[in-house]
Structures are given as structure tokens and as C-alpha cells.
Amino acid sequence: MTRNQSPGRGQRAADWADGRLGIYTLARTNLRKVFPDHWSFMLGEICLYTFLIIILTGVYLTMFFKPSMGEVVYDGSYVPLKGIGMSEAYASTVDISFEVRGGLLIRQIHHWAALVFVAAMLVHMMRVFFTGAFRKPREINWVFGFLLLVLGMFDGFFGYSLPDDLLSGTGIRFMEGAILAVPLVGTYVQMFLFGGEFPGHDIVPRFFTIHVLLIPGIMLGLLVAHLILVFYHKHTQWAGPGRTEKNVVGMPLMPVYMAKAGGFFFLVFGIIAMMSAIATINPIWAYGPYRPDQVSTDAQPDWYMGFAEGLIRVMPGWEISLWGHTLNLGILIPFLLFPVILVAIAAYPFVESWATDDRREHHLLDRPRNAPVRTAFGAAWISLYLVMLAGGGNDLIATHFHLSLNTITYAVRAGFFVVPVAVFVITKRWCLGLQRRDRDKVLHGRETGVIKRLPHGEFVEVHAGLTPAELHRLTAHEQPRPLELPAPVDENGVARPVGVLTRTRARLSRGLHGEGSRIPKPTAEEYREITDGPGH
């Protein structure tokens with residue numbers, strides 16, 4: 001632009017907006033923000049992209065679905081259901097599947113995306129857990145992620161209950177029985193949800209409101225807050241040369257990261273669409289409309305709710321009577337255990353922070369092997385989830401493998417107590433073994449397979465030294481000392497009482513960072529002494 005040329009209309013509009021909103025300044029600061037590059041970081045992106053797919057397909061389905069339990073007689077194109085009475089919700093879902101152009105594919109994409117969404121959130125959460133990415137200053141973001149996982153599980157349950165088919169109706173009846181088992185308030189909660197005796201006439205409209213408006217609105221707010229905190233705190237990264245707690249090594253947001261993210265979104269969408277076109281999920285026309293006097297065979301919930309069903313299936317049918325009231329422990333205990341087990345993994349970061357008294361900010365990730373107790377706890381939690389998932393499908397296991405249903409149930413009951421403990425011990429020892437391997441690799445180098453004969457006749461294998469980058473990766477982790485109990489007497493010789501919390505904190509700290517929970521890193525003196533030996 002020459003000196004005498006005035007700015008164009010577009011530039012004037014941009015200057016006007018920037019002067020009032022600060023868009024240019026904000027974009028210049030944030031669009032060049034650096035993000036590290038690692039395959040495990042894509043797990044969070046899968047969560048975001050599948051959530052967008054769920055929203056897009058859900059809006060399409062909402063245009064044709066009728067959330068009503070009013071009775072109609074089916075007269076559509078699916079011949080086996082002609083003349084059968086059913087709810088408007090079920091009839092509209094069948095119409096979406098066979099009458100609406102592309103409706104069945106959109107239904108399949110919506111359901112498959114929901115399954116992948118919850119699975120991606122769980123795997124992403126475990127990645128954050130095993131690498132210690134939940135530490136300060138990301139504790140709040142960890143809680144947001146956990147709430148998103150729980151809300152996603154329940155929103156999925158409400159979603160596949162909407163068609164009012166025989167399978168989803170069985171699941172709703174299952175939930176109603178669990179709610180009624182809660183003392184004092186169970187009947188009130190049941191009446192609030194169902195608006196009367198089961199199945200009532202209000203459950204589908206109420207579930208529709210919860211599924212479409214309430215939970216997605218909360219999840220959207222949590223997701224935005226989650227992403228803002230990720231942006232604000234900067235992304236975690238793996239240890240490496242040039243990477244510290246105060247910098248980030250990677251690619252700028254624009255244009256590199258956004259280009260890769262855009263391509264990855266379409267890749268995720270394409271894979272889910274391909275799954276939906278090939279593999280049928282939730283064929284409601286095969287189940288038929290819900291009737292309270294019937295139950296579908298091989299009734300299984302979506303995988304993320306199988307844990308809750310497994311708890312109830314394998315729990316003995318205990319009951320006690322108090323003051324004329326029956327307490328159904330066979331349902332109440334699993335109903336209470338389900339949130340307790342979920343909260344156990346969510347509360348662990350705060351327990352670890354309290355036990356270690358660690359108030360520093362952490363932006364470098366831990367290798368899971370270098371935190372054996374944390375890794376063992378996470379593996380034990382996953383094993384418990386899988387054991388109870390098998391309990392939720394005990395009937396299918398029995399029929400497919402020709403086993404006794406009672407035998408499977410007893411095995412799952414024993415596995416509930418034995419498997420997590422065994423997995424914890426094995427995983428911890430495995431991590432310690434990997435630490436020993438890393439220590440030997442640092443001290444002795446990498447095996448080359450070359451045999452050398454020394455002047456005095458001894459044969460040794462030649463080891464190649466590691467590169468500085470490899471040495472840094474294997475030795476960059478910290479090994480904090482465990483907390484010690486205060487001295488039993490003060491400087492004046494007066495006895496100093498030690499509380500239960502202080503003792504518990506010291507025990508937990510020793511368990512996390514004590515001698516039995518880590519292999520000491522090699523020192524510089526050990527490295528020089530060994531590398532000067534004849535094999536190097």
C-alpha cells in the first residue's frame with residue numbers, strides 16, 4: 001500500500017474489530033502455541049472428534065424420533081412387525097431405520113461413535129493416570145475428565161433406552177430394580193424418574209430430555225473448560241534433550257497442528273462410518289417392542305455398563321428384614337460398590353499428592369515403569385473392571401464355551417478379590433524388572449552380538465554405548481525420598497505425639513517411594529567405572 005492509498009473496507013473492519021475485541025493480539029499470541037507430538041496424545045483428540053460426531057448425528061436423529069410412549073399399531077415397510085402394537089418411540093425408530101433416507105446408517109454411526117467415545121475417554125484417562133499427567137497444576141482437569149467419563153456412561157445408557165425395544169426395556173427394568181433397593185429414598189427417586197409404576201408413560205420423554213439436553217449441556221461445558229485448562233497449563237511432554245518443566249518442544253498450533261488435527265478428524269469419522277456400514281449394532285427390529293412380561297435372551301448392555309451388571313449378577317441374593325422392611329443386599333451392595341470403585345481411581349491423584357507432599361508443578365511425564373505402585377494400582381483397577389465385565393456376560397460365556405453358569409459365577413466372585421491383588425503384585429515386579437533392565441542398559445550399553453577375545457584369552461561381548469538422547473530418556477526421571485516420621489522427642493527431650501494421619505502418610509510415602517518400590521538410578525561414578533572396562 002502506497003503512502004497516499006487509504007486502507008480498504010475489509011482492513012478497516014478488521015481494525016475496528018481488533019480495537020474492540022483484541023482479536024489480532026489474541027490470535028498472534030495463541031495460534032503459535034506449541035504442542036508436543038506423540039501418538040498417545042491423539043487419544044484425547046479421538047474423544048473430542050467422536051463427541052462432535054455424536055452431536056452431529058444426534059441432531060439429525062432428533063428430527064425424526066418421537067419421544068412418546070403413546071400406543072400405535074405399526075403399518076410400516078418392515079413386514080414382520082405389521083399389525084403389532086408398540087409405542088411411538090419404537091415405531092419412529094423403526095421408521096428411521098427403514099423409511100428415512102440414510103437413517104439406519106446415521107443410527108449406526110451415532111451408536112458406534114458413542115461406544116468409541118466412552119472407550120477413548122477411558123483409555124485417555126488411563127494414559128493420563130499411568131504417565132502422572134494428573135499432577136499439579138492439572139488436578140482440576142483430571143476431575144473434569146473423570147466427570148466427562150461418568151456422564152458419558154450414563155448418557156449412553158439413557159440413549160440406548162430411548163427406542164423402547166425389548167432389550168432397552170430390560171435394561172430400564174434393571175435400573176429400576178437397583179433404584180428401588182436404595183433404602184428410604186429409592187421409591188421416591190423411582191417415582192420421580194418414571195412418574196408412576198413401571199413402565200409408566202413418562203420414562204421415554206424424560207430420558208429424551210436428559211439424553212438430549214441436560215447431560216450433553218453439562219458435558220459441553222465441562223469439555224470447553226477441559227480444553228481451556230489444557231491450553232492454559234500448556235501440554236505435558238515426554239522427557240528428552242532440551243525438554244524441561246518450563247518449556248514445550250513441538251509444533252505450532254497453526255498451521256501444522258491444526259492441519260494434522262483436521263485430517264485426523266476425517267480419519268476418525270471415516271473409520272466409524274465404515275464400522276457402521278459393516279457391523280450391525282442394536283437391531284431393534286429383531287428384538288421387538290418392549291413388553292413387561294417378556295425379556296430378551298442374551299440381554300447385554302453396552303460394554304461400559306457391563307461392569308455394573310456384573311456386580312449385581314455375581315452378588316449373592318442376600319436379604320435382611322428390619323422393622324418390617326426388607327433390605328435387598330444382593331442389589332444394594334453392588335449399587336454402592338459401583339460408584340466407590342469409580343471414585344477410587346478418581347481420588348488416587350489426590351492421595352498420591354498428599355502422601356508425597358509434592359507441591360511442585362509437573363509438565364514432564366513419567367514412564368509408567370518408573371512409578372511402579374501407581375502403575376500397579378491402575379492395572380489392578382482395570383483388571384477388576386474386566387473381571388466384573390466377564391461377570392456381566394456370564395450367560396454368554398456359559399453358552400458359547402459350554403460351561404456351568406454357576407461355575408463362572410463362583411470364579412468371578414473369587415476373581416473379584418484375587419485378580420486385582422495378583423495383578424498389582426505382578427505389575428509392580430514387572431516395573432521393577434524394567435527399571436533393572438534400564439539400569440543395566442545405561443551402565444553396560446546396548447548388546448551388539450559381537451564377541452571379542454581379550455589378550456588373556458577371555459571372551460566378552462562388545463556393548464555399544466547409548467546415545468546422549470537415550471541416556472537422558474533412561475535417567476531423566478526423579479526418585480524422591482519418602483517422608484519420614486518426626487522424631488519421637490523434640491530438642492528439649494519432651495515426647496512428641498505422632499497422629500494416625502501422620503503415620504498413615506509416612507507409610508503411604510514409603511510404599512510409593514521406598515526401597516521396595518524403585519531401583520536406584522546409576523550414578524555418574526558407576527557409569528564411568530563400568531564404561532572404562534574391557535567390554536567397551
Side-chain angles (χ1 to χ4, degrees), residues 118-119 122-123 125-126 129-130 149-150 153 157 170-171 174-175 177-178 181-183 295 297-321 326-348 351 368 372-433 507-508 511-512 516-517:
V118 180
L122 181 61
V123 177
M125 181 177 171
M126 289 297 100
F129 181 85
F130 287 124
L149 174 64
V150 174
M153 293 169 61
F157 172 79
T170 303
F174 177 90
M175 183 196 71
V182 179
V295 63
T297 58
D298 294 344
Q300 302 290 321
D302 282 341
W303 70 268
Y304 47 84
M305 297 303 290
F307 173 77
E309 177 148 340
L311 286 171
I312 291 183
R313 285 196 184 192
V314 304
M315 178 70 190
W318 297 339
E319 292 182 355
I320 59 174
S321 297
T326 300
L327 199 60
N328 192 339
L329 299 180
I331 298 178
L332 178 61
I333 292 178
F335 187 78
L336 297 177
L337 275 177
F338 179 67
V340 169
I341 294 172
L342 288 178
V343 170
I345 197 72
Y348 176 87
V351 176
V373 175
R374 180 202 301 156
T375 303
F377 181 84
W381 186 85
I382 293 175
S383 70
L384 178 61
Y385 199 101
L386 294 177
V387 166
M388 301 319 299
L389 184 61
N394 57 358
D395 54 339
L396 293 181
I397 296 175
T399 55
H400 282 67
F401 295 96
H402 307 288
L403 300 173
S404 168
L405 182 65
N406 291 332
T407 301
I408 297 172
T409 302
Y410 291 135
V412 173
R413 288 176 182 174
F416 179 85
F417 299 99
V418 175
V419 171
V421 176
V423 169
F424 182 92
V425 174
I426 293 172
T427 304
K428 183 180 176 181
R429 292 181 64 86
W430 195 346
C431 290
L432 293 176
R507 292 192 186 99
L508 287 175
L512 289 169
S517 299

Between F338 and F307, what is the ring plane arrangement, given parallel below 30°, perpendicular above 60°, and tilted in between?
tilted
Side-chain donor/acceptor pairs under 3.5 Å, residues 379-386, sequence neighbours excluded:
unit_1: W381; atom_1: NE1; unit_2: I341; atom_2: O; d: 2.8
unit_1: S383; atom_1: OG; unit_2: A380; atom_2: O; d: 2.6
unit_1: Y385; atom_1: OH; unit_2: Y304; atom_2: O; d: 2.8

Taking all non-hydrogen atoms of both residues into account, name the closest pair between [X] and [Y] and its distance.
X	Y	answer
S517	P372	O-CG, 3.2 Å
L403	I397	CD1-CG2, 4.5 Å
P420	G415	CD-O, 3.2 Å
L329	M315	O-CE, 3.9 Å
F335	A178	CD1-CB, 3.6 Å

Look up atom [atom1] in [X] and atom [atom2] in [Y], then write down how far apart they are to the nearest 0.5 Å.
X	Y	atom1	atom2	value
I331	L336	CD1	CG	12.0 Å
W318	N328	CH2	CG	12.0 Å
T399	L405	OG1	CG	9.5 Å
M388	R413	CE	CZ	10.0 Å
L337	L311	CG	CG	6.0 Å
R374	T427	CZ	OG1	14.0 Å

Given the rule in the side-chain contact (heavy atoms from CB on, under 4.5 Å) test, do E319 and L327 qualify, once you have shown the distances and angles that lead to the verdict?
CA-CA 6 Å; E319 292 182 355; L327 199 60; over 6 Å; no
Would a 4.5 Å heavy-atom cut-off, applied to side chains only, mark N406 and Y410 as touching?
yes
I want to check something: taking the side chain as every heavy atom from C-beta on, are K428 and T375 in contact at a cut-off of under 4.5 Å?
no
Can you tell me if CH2 on W303 sees more than 12 non-hydrogen neighbours from other groups inside 6.0 Å?
yes
Criterion side-chain contact (heavy atoms from CB on, under 4.5 Å) on E309 and L389, from CA distance to verdict:
CA-CA 8 Å; E309 177 148 340; L389 184 61; over 6 Å; no
Which residues pass the side-chain contact (heavy atoms from CB on, under 4.5 Å) test with P339, sequence neighbours left out?
none
Take F424 and F377, measure what ring pair (Phe, Tyr, Trp, His ring centres under 6.0 Å) needs, and give me the verdict at the end.
CA-CA 6 Å; F424 182 92; F377 181 84; 7.5 Å; no
